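These notes are about the structure you will find just below.
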Amino acid sequence: MSKWDLYDSNFNNTGIIINNTDEIPDGLYHYSINVWILNSKKQLLLIRNTLNYNIHYPGFWNSINGNVLSGDNQIDTCIKSVKSKIGIQISKSELRKIDTKLRDPYHYIYETYIINKDIDLNEICFVDNTAVQVKWIDLNELYNMIENGEIAWVLIPRIEEYVIPFMKETNINN
């Protein structure tokens, strides 16, 4: 069983630690991260969740995400999550924090990161077995996948707010 640190609405650690299966009290939040990887061709890397119904959004295409465990920080969680989902090592310097938001009524603080990195799909291995497939997609395919209901619905507002503007930029390596 994992443990989570709880934070207040100003993102301050309260010193309260709970089990990940416990209900989070009102006014308190747990940190989670969302990592989007874009390559130099302005393509987005998506992973497809396994059909394991014990995980969120089984079978849907997803970003790399993770929960910040007690004692960890968001950056280390990003690095660990990318490594555990697709077997790729990233560094702190590759991560660009885009936003931090409270997600009510879910009691999450959601931190979003973008990485600009060219990754050979042949180098990917699914370490934690929560994903079964990976692919690079362009903006047109992203729109089609959203329209067809292939992407986890919870991600669509984040894709529209964060990812699509980066995919449309002239030079994403700035």
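From a predicted model like this one, the values you see are computed outputs, not experimental measurements. Keep in mind that the numbers below use all heavy atoms, side chains included, and drop hydrogens, waters and symmetry copies.
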Is there a side chain to side chain contact (heavy atoms under 4.5 Å, CB included) between Lys85 and Ile47? Walk through the geometry before answering. CA-CA 8 Å; Lys85 299 279 184 193; Ile47 62 173; 4.2 Å; yes

Between Gly66 and Ser81, what is the shortest heavy-atom contact and its length? CA-OG, 3.7 Å

Indicate yes or no: at least one non-hydrogen side-chain atom of Thr77 is less than 4.5 angstrom from one of Asn67. no

Leu142 with Ile98, same ILVMFWY side-chain cluster at under 4.5 Å: yes

Report yes or no: does Asn19 contribute a side-chain atom to a donor-acceptor pair with the main-chain N or O of Asp22 at less than 3.5 Å? no

Please check if the side chain of Asn10 supplies one atom and the backbone of Asn12 the other of a donor-acceptor pair under 3.5 Å. no

Atom of His107, atom of Asp26 and distance for their closest heavy-atom approach: CE1-OD1, 3.3 Å

Lys97-Thr112 side chain donor-acceptor pair, cut-off 3.5 Å: no

For Ser2 and Leu69, the nearest pair of non-hydrogen atoms, with its separation, is CB-CD2, 3.6 Å

Short side-chain to backbone donor-acceptor contact, Lys42 and Glu169, under 3.5 Å: yes

I need the full list of salt bridge (Lys or Arg N to Asp or Glu O under 4.0 Å) pairs touching residues 54-69, with sequence neighbours left out, sorted by first then second residue. none

Do side-chain atoms of Asn39 reach the backbone of Lys41 as a donor and acceptor pair under 3.5 angstrom? yes

The reported gap from OG in Ser40 to NZ in Lys117 (rounded to nearest 0.5 angstrom) is 12.0 Å

Does a side-chain heavy-atom distance below 4.5 Å link Ile33 with Val35? yes

Can you see which heavy atom on Asn49 is nearest to which on Val132, and at what distance? O-CG2, 4.0 Å

Quick one: do the Thr130 and Asp128 side chains pair a donor with an acceptor below 3.5 Å? yes

Quick one: list whatever passes side-chain contact (heavy atoms from CB on, under 4.5 Å) with Pro25, sequence neighbours left out. Leu6, Leu28

Test log, rule side chain to side chain contact (heavy atoms under 4.5 Å, CB included), inputs Val82 and Tyr113: CA-CA 12 Å; Val82 171; Tyr113 293 84; over 6 Å; no

Can you find a heavy atom in the side chain of Lys135 that is under 4.5 Å from one in the side chain of Leu45? no

With rounding to the nearest 0.5 angstrom, report the CD to CD1 distance, Glu94 to Ile79. 8.5 Å

Under the ring pair (Phe, Tyr, Trp, His ring centres under 6.0 Å) rule, what pairs show up with a residue in residues 19-51, not counting sequence neighbours? Trp4-His30, Tyr7-Tyr31, His30-Tyr108

Taking the side chain as C-beta and beyond, is there a heavy-atom pair between Cys125 and Val127 under 4.5 Å? yes

Working to the nearest 0.5 angstrom, can you tell me the gap between Gln43 CD and Ile37 CD1? 13.0 Å

Looking at CD1 of Ile164 and CD1 of Ile146, how far apart are the two atoms once the value is rounded to the nearest 0.5 Å? 5.0 Å

Keeping Asp120 on the side-chain end and Asn122 on the backbone end, is there a donor-acceptor pair under 3.5 Å? yes

Consider only side-chain N and O atoms of Asp5 and Ser70, and report whether a donor and an acceptor are under 3.5 Å apart. yes

For the hydrophobic clusters of this structure (ILVMFWY residues joined by side-chain heavy atoms under 4.5 Å, transitively), does one cluster hold both Val134 and Leu38? no

Looking at Phe11, I want to see if its CZ is surrounded by more than 12 non-hydrogen atoms of other residues, nucleotides or ligands under 6.0 Å. yes

Quick check on the hydrophobic clustering: are Leu95 and Ile88 connected, directly or via other members, by side-chain heavy-atom contacts under 4.5 Å? yes

Roughly how far, to the nearest 0.5 Å, is the OG atom of Ser9 from the CG atom of Leu102? 6.5 Å

Report, one line per pair, each donor and acceptor closer than 3.5 Å where one atom sits in a side chain of residues 57-65; sequence neighbours left out.
from, atom 1, to, atom 2, distance (Å)
Asn62, OD1, Asn65, ND2, 3.3
Ser63, OG, Asn34, ND2, 2.3

Measuring from atom CE of Met145 to atom CG of Leu46, what distance do you get when rounded to the nearest 0.5 angstrom? 5.5 Å

Does one hydrophobic cluster hold both Phe126 and Trp136, with members joined at side-chain heavy-atom distances below 4.5 Å? yes

Please list all pairs meeting salt bridge (Lys or Arg N to Asp or Glu O under 4.0 Å) that have one or both residues in residues 72-83, counting only residues at least two apart or in different chains. Asp72-Lys80

Show your reasoning for whether side chain to side chain contact (heavy atoms under 4.5 Å, CB included) applies to Thr21 and Met1. CA-CA 8 Å; Thr21 55; Met1 182 176 320; 3.7 Å; yes

Name every donor-acceptor pair, under 3.5 Å, that has one atom in a side chain of residues 153-163 and the other anywhere in the protein, sequence neighbours excluded.
from, atom 1, to, atom 2, distance (Å)
Arg158, NH1, Tyr110, OH, 2.8
Glu161, OE1, Lys101, NZ, 2.8
Glu161, OE2, Lys101, NZ, 3.1
Tyr162, OH, Asp99, OD2, 2.5

Is it true that Ile151 and Tyr143 fall in one hydrophobic cluster, defined by side-chain heavy atoms closer than 4.5 Å? yes

Between Asn148 and Asn144 (side chain of the first, backbone of the second, donor and acceptor by atom type, cut-off under 3.5 Å), is there such a pair? yes

